[in-house]
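Here it is: the structure, laid out below.
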2 protein chains.
Amino acid sequence: MLYTIAEENYIKSVYHLQQQSALVATNHLAEALQTQPASVTDMVKKLMGKKLVHYERYKGVRLNAAGKKLALQIIRKHRLWEYFLVNTLEFGWDEVHEVAEQLEHVSSAKLIEQLDRFLGHPRFDPHGDPIPDKEGKLAFRQRLPLLDQPHLKWLEITAVGDESPALLEMLGHHRIQLGTRVRVLRSFSFDGSIEISVADQKPVTISNQLAKTLLVKIIDHD
Amino acid sequence: MLYTIAEENYIKSVYHLQQQSALVATNHLAEALQTQPASVTDMVKKLMGKKLVHYERYKGVRLNAAGKKLALQIIRKHRLWEYFLVNTLEFGWDEVHEVAEQLEHVSSAKLIEQLDRFLGHPRFDPHGDPIPDKEGKLAFRQRLPLLDQPHLKWLEITAVGDESPALLEMLGHHRIQLGTRVRVLRSFSFDGSIEISVADQKPVTISNQLAKTLLVKIIDHD
DNA sequence: AATAAATTTTAGATTTGTCTAAATTTTATT
DNA sequence: AATAAAATTTAGACAAATCTAAAATTTATT
Ligand SMILES: [Mn+2]
Ligand SMILES: [Mn+2]
Ligand SMILES: [Mn+2]
Ligand SMILES: [Mn+2]
């Protein structure tokens, strides 16, 4: 079965909004898709007709198994293309999302499998988000806000909660990338900022806002 | 200015049909686009409204300068993607056209420039068709039917007039690729077949049909 | 030149995805 | 429990791209 770009975008949005609340509200979908609630109601009925979602009037919508599978296929394509754009075509991570929004709708099983192979079966995209494998399986990795981490423990940046050029500039300034190791040294109650050391260099202070946006995993050993 | 996929496909079709006759007939466009003449008339009027074509009722349509520029941009994308699919993702040349039909509509100047750079600015696609450069310029190369060539002259396969799996299989059998050097040894009047030698190996006979489909350039030296 | 055939255009309808405005249902507040 | 507010759905409209059938125009044939 082939789906339109609009249908695919709805399915993807439902998937993402479901992570926060099991039943997705019409208004939330409308907000996420930059469209009107009335349009959402129409489309959701069509998706129910195509057996991709469960839906009850006035209650909300959620993906069924088929919808979840489709969502993961689209997300797989989106994130593989993002990885390609950054790692092969030398895009900045703040430049890839819009292009991937288009590329994710190109329909060719062989294209995506060969792309995956060419890229070496990457498991995380440039923002640290997991790339579903062919079967839709997502690799797990901790993504804890740097802000809340205990002092002195070694941590590794695993993802960013935002893809803006402004964040990319900030991280460039601090020489932080995905994979960079950091430790929290102190927390300041005045403004919520924290002092960290980046890869054993001299300590720097980063804002509360930045510390909330950076996600880390805890490194056990050492 | 952004154009819809339908508009882009019409512009591309007009461009290709113009190579044969300066004024493109409604029925020819309808045939090429697998649609009805009435639909063509509607769209052509829209394209005239967007100042991409000249059009006179009952006469026919042709691209103006803006239309030609747009057509070459789309063809550039199509052929760069075909090159990518064959050379980077290891597609067969008979598998790329449909996928390129989708990829050519992805809109991102940076994407196509970086792709071009990554591929090393190729000047011909996997079928031997020239890839327009950023300014729309096409590299020239002879593409003469192998069938009509004088005996014993060294020739190089520059393009194929057909992209079918059947042709690809046939060429694989004869170890012929783009760039392969051949000479015509004899022509048989009975069925129009010709005897050729491929890269100095022992002579083989190929059908009239195949000899018409292979396009060559004449190698001056030797 | 008259007529037939082919081509092209127009008129009116359909599908997809969207919109606004009004009606309905649910949720929150008095 | 009644009422107000918020959320959602329905009704009716619209633009894009297509279609079929009928009308108009051009081209070919007698
Ligand atoms: Mn993205
Ligand atoms: Mn991403
Ligand atoms: Mn092609
Ligand atoms: Mn080609």
Side-chain angles (χ1 to χ4, degrees), chain A residues 1-14 17-18 20-63 67 70-71 74 101-102 104-107, chain B residues 1-14 17-18 20-63 67 70-71 74 101-102 104-107:
Chain A
M1 179 70 83
L2 284 186
Y3 303 99
T4 67
I5 290 175
E7 286 165 350
E8 291 191 348
N9 283 333
Y10 271 84
I11 289 297
K12 194 161 52 103
S13 264
V14 175
L17 293 174
Q18 264 189 181
Q20 298 201 271
S21 61
L23 268 186
V24 176
T26 299
N27 274 1
H28 286 170
L29 258 180
E31 164 75 22
L33 289 161
Q34 293 278 69
T35 187
Q36 298 309 116
S39 310
V40 171
T41 300
D42 287 348
M43 179 59 92
V44 161
K45 283 196 231 163
K46 205 178 354 157
L47 295 176
M48 190 173 48
K50 297 201 173 186
K51 301 254 189 337
L52 293 170
V53 300
H54 293 290
Y55 165 66
E56 267 185 281
R57 261 158 83 254
Y58 294 102
K59 288 263 183 88
V61 64
R62 65 192 161 87
L63 301 179
L70 176 57
I74 302 164
E101 283 291 311
Q102 297 180 64
E104 74 189 3
H105 302 294
V106 173
S107 158
Chain B
M1 182 66 87
L2 283 187
Y3 303 98
T4 68
I5 291 175
E7 286 166 350
E8 291 192 346
N9 283 334
Y10 271 83
I11 290 296
K12 193 161 52 106
S13 264
V14 175
L17 293 173
Q18 264 188 183
Q20 297 200 273
S21 61
L23 268 186
V24 177
T26 299
N27 274 3
H28 286 169
L29 258 180
E31 163 76 22
L33 289 161
Q34 293 277 72
T35 186
Q36 297 310 116
S39 310
V40 171
T41 301
D42 287 347
M43 180 58 93
V44 161
K45 283 197 231 163
K46 208 185 341 166
L47 295 176
M48 190 173 49
K50 297 202 172 185
K51 300 258 189 341
L52 293 171
V53 301
H54 293 289
Y55 165 66
E56 267 185 279
R57 262 158 83 252
Y58 293 103
K59 287 260 183 90
V61 65
R62 66 191 160 85
L63 300 180
L70 176 57
I74 302 164
E101 283 292 309
Q102 298 180 64
E104 73 188 5
H105 302 294
V106 173
S107 159

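Everything numeric here is computed off the predicted structure, so don't read it as measured data. Any value given below was found using the heavy atoms of this structure, including those in side chains, with hydrogens, waters and symmetry copies removed.
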>> Within the 4.0 Å heavy-atom criterion, would you say B:T26 contacts the bases, only the backbone, or no part of the nucleic acid?
In response: sugar-phosphate
>> Can you tell me which nucleotide in C:dT10, C:dA21, D:dT8 comes closest to the side chain of A:A38?
In response: C:dA21
> Looking at side-chain heavy atoms only, is the closest gap between A:L29 and A:V44 below 4.5 Å?
Replying inline: yes
>> So, does B:K59 get its side chain near the phosphate of D:dT25, meaning an N or O under 4.0 Å from OP1 or OP2?
In response: no
> Quick one: is C:dA6 close enough that its OP1 or OP2 comes under 4.0 Å of any side-chain N or O from B:N27?
Replying inline: no
>> Checking contacts here: which listed nucleotide (C:dC19, D:dT10, C:dT10) is nearest the side-chain heavy atoms of B:D42?
In response: C:dT10
> Can you list the steps and then say if B:E104 with B:N9 is a side-chain contact (heavy atoms from CB on, under 4.5 Å)?
Replying inline: CA-CA 10 Å; B:E104 73 188 5; B:N9 283 334; 3.5 Å; yes
> For the side chain of B:Y58 and the base of C:dT7, is some donor closer than 3.5 Å to an acceptor across the two?
Replying inline: no
> In whole angstroms, how far is the P atom of C:dT16 from the CG atom of A:N9?
Replying inline: 17 Å
>> Please report the distance, rounded to the nearest Å, between CG in A:L33 and P in C:dC19.
In response: 10 Å
>> If I take atom CD in residue B:E56 and atom C1' in nucleotide D:dT25, what distance separates them, rounded to the nearest angstrom?
In response: 14 Å
> Do any side-chain nitrogens or oxygens of A:T41 fall under 4.0 Å of OP1 or OP2 in D:dT8?
Replying inline: no
>> Rounding to an integer number of Å, can you tell me how far B:L23 CG sits from C:dT7 P?
In response: 16 Å
> Does OP1 or OP2 of D:dT18 have a side-chain N or O of B:Y10 closer than 4.0 Å?
Replying inline: yes
>> Please confirm whether the shortest side-chain N or O distance from B:T35 to OP1 or OP2 of D:dC19 is below 4.0 Å.
In response: yes
> For the pair made of CD in B:E7 and C1' in D:dA15, what is the distance, rounded to whole Å?
Replying inline: 12 Å
> Can you name the closest pair of heavy atoms from A:L17 and A:A32 and give their distance?
Replying inline: CD1-CB, 4.1 Å
>> Nearest whole Å is fine: how far is D:dT9 C1' from A:Q36 CD?
In response: 14 Å
> Think B:R57 has a side-chain N or O under 4.0 angstrom from the OP1 or OP2 of D:dA24?
Replying inline: no
>> Would you say B:T4 places a side-chain N or O within less than 4.0 Å of OP1 or OP2 belonging to D:dA16?
In response: no
> Of all heavy-atom pairs between B:P37 and B:T26, which one has the smallest distance, and what is that distance?
Replying inline: O-CG2, 3.6 Å
> Within this structure, what is the CE-to-C1' distance between A:M43 and D:dT8, rounded to whole angstrom?
Replying inline: 17 Å
> Can you name the nearest heavy-atom pair linking A:G67 to A:I11, along with the distance?
Replying inline: O-CG2, 3.6 Å
> Could you state the CD1-P distance from B:I5 to D:dT18, rounded to the nearest angstrom?
Replying inline: 11 Å
